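Computed from a predicted structure; not experimentally measured. Every chain is numbered from 1 and lettered A, B, ... according to where its sequence line falls, protein lines coming before strand lines.
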Amino acid sequence: MPELPEVETTRRGIEPHLKGRRMDAVEVRDSRLRWPVPDAVQQACGQRVRAVERRAKYLLIRLESGTLMLHLGMSGSLRVVPAGHEPGKHDHVDLHIDNGQLIRFNDPRRFGSLLWLESNDKDHPLLSNLGPEPLSADFSGDYLWQCSRHRRVAIKSFVMNGHIVVGVGNIYASEALFRAGIHPLRAAGRISKLRYQWLASSIRDVLEEAIRQGGTTLRDFASSDGQPGYFGQDLAVYGREGLPCIQCQSPLRQRRIGQRASYYCSKCQR
DNA sequence: AAAGACACCTGTCCGC
DNA sequence: TGCGGACAGGTGTCTT
């Protein structure tokens with residue numbers, strides 16, 4: 001489900017409910033997520049929430065001392081519901097807030113995670129080796145070009161590699177490459193600096209547009225208030241195999257690159 | 001160091 | 001209607 005725009009949409013949805021409030025309880029009904037939910041998450045109880053941040057696709061709930069770090073995996077979502085609301089299937093964790101509401105973590109596939117950080121994220125192995133945020137000033141075409149020297153990997157796999165740049169998932173990688181006119185199988189090291197500048201702009205644009213529209217709803221993504229995302233209407237290539245390219249009308253192609261379905265126009269993308 | 005395969009898990013969809 | 005298989009928005013880990 002969630003790529004960066006969906007995670008950011010979720011962050012914006014929960015932040016007003018959490019910021020400045022006290023965490024009354026962390027109720028773990030099923031700790032079997034990607035990693036077992038540690039008992040240490042109970043440290044959050046009784047503490048006030050200072051901020052709700054995002055790094056890559058991790059949500060970081062900053063408390064007075066320590067941080068709850070949450071990842072939505074492929075199928076995770078958060079909803080804000082009133083306390084006392086009956087939990088349903090796959091509702092694994094509830095964060096009880098002191099305003100009579102709770103943040104409910106649902107994740108059918110359990111690829112998501114909930115961890116506790118004592119301090120200093122910089123040292124945390126899951127965060128310490130990540131590439132720059134695509135919407136930050138550290139990210140640019142020059143940067144991508146620099147990292148790609150002597151790399152033979154397909155550009156699509158390259159931009160989806162979180163050590164290079166975070167937050168570009170399977171949908172938006174296809175979309176950004178289409179916008180930039182770059183074939184997804186082209187070797188990363190064989191793309192000019194100028195084309196990397198187009199690509200960096202495309203990545204930034206597509207993510208910003210998706211955030212503006214509340215993310216993409218393919219199956220069941222909904223923001224924390226239950227509203228779907230509307231970006232799906234604007235996808236130019238993802239999931240459109242066989243349909244005419246919006247630029248040249250030739251049928252869009254689909255093939256697997258790095259075990260992920262990839263969509264492109266073989267005429268517009270070289 | 002880089003690249004690719006595989007793993008985790010459940011739900012859904014499609015063809016028979 | 002039921003069943004098997006492929007596939008799904010992520011990413012850490014292992015092997016080459």
Find the distance [X]:[atom1] to [N]:[atom2] and express it as a whole number of Å.
X        : N      : atom1 : atom2 : result
A:Lys156 : B:dA3  : NZ    : P     : 16 Å
A:Asp107 : B:dG11 : CG    : P     : 11 Å
A:Asn161 : B:dA2  : CG    : P     : 10 Å
A:Phe111 : B:dA7  : CZ    : C1'   : 8 Å
A:Leu33  : B:dC9  : CG    : C1'   : 11 Å
A:His92  : B:dC9  : NE2   : P     : 12 Å
A:Phe158 : B:dA1  : CZ    : P     : 16 Å
A:Leu72  : C:dA8  : CG    : C1'   : 16 Å

Any salt bridge linking A:Glu8 with A:Arg11? Criterion: basic side-chain nitrogen under 4.0 Å from a carboxylate oxygen. yes
Just by protein heavy atoms under 4.0 Å, how would nucleotides 11-16 of chain C read 5' to 3' in B, S and -? BB----
If the test is side chain to side chain contact (heavy atoms under 4.5 Å, CB included), which one of A:Leu18, A:Ile14, A:Val80 qualifies with A:Ile97?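 Of all the options given, the one that passes is A:Leu18.
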[X], nearest nucleotide to its side chain (from [options]):
X        : options               : answer
A:Arg256 : B:dC9, C:dA8, B:dA5   : C:dA8
A:Ala261 : B:dG11, C:dG10, C:dA8 : C:dA8
A:His90  : C:dG10, B:dT10, B:dC6 : B:dT10
A:Arg109 : C:dA8, B:dA3, C:dG10  : C:dA8
A:Val153 : B:dT10, C:dG10, B:dA3 : B:dA3

Contact class for A:Arg151 (heavy atom, under 4.0 Å): base, sugar-phosphate, or nothing?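 It contacts sugar-phosphate atoms only.
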Under 3.5 Å, is there a donor-acceptor pair between the A:Lys156 and A:Asn170 side chains? yes
Base of B:dC9 paired with side chain of A:Arg110 (donor-acceptor, under 3.5 Å): no
Less than 3.5 Å between a donor and an acceptor, one on the side chain of A:Arg152 and one on the base of B:dA2, is that the case here? no
With salt bridge (Lys or Arg N to Asp or Glu O under 4.0 Å) as the test, would you mind laying out the steps for A:Asp121 and A:Arg62 before giving the verdict? CA-CA 11 Å; A:Asp121 306 350; A:Arg62 304 292 191 191; 2.5 Å; yes
For atom [atom1] of [X], is the number of surrounding heavy atoms from other residues, nucleotides or ligands below 6.0 Å larger than 12?
X        : atom1 : answer
A:Arg48  : CZ    : yes
A:Asp39  : CG    : no
A:Arg190 : CZ    : no
A:Arg253 : CZ    : no

My validator wants the stems of DNA chain C: runs of 3 or more consecutive Watson-Crick or G-U pairs, both distances under 3.5 Å, written as range with range.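 So far as stems of 3 or more pairs are concerned, DNA chain C shows B:2-8 with C:10-16, B:10-16 with C:2-8.
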Under 4.0 Å between a side-chain N/O of A:Tyr238 and OP1 or OP2 of C:dG9, yes or no? yes
For B:dC6 and C:dA6, measure between their P atoms and round to the nearest Å. 13 Å
Could you tell me how far C:dC14 sits from B:dC9 if I compare only their P atoms? Round to whole Å.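 That atom pair is separated by 16 Å.
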Could you give the distance from CZ (A:Arg270) to SG (A:Cys265), rounded to the nearest 0.5 Å? 8.0 Å
In Å, rounded to the nearest 0.5 Å, how long is the span from NE2 of A:His124 to CG of A:Leu60? 10.0 Å
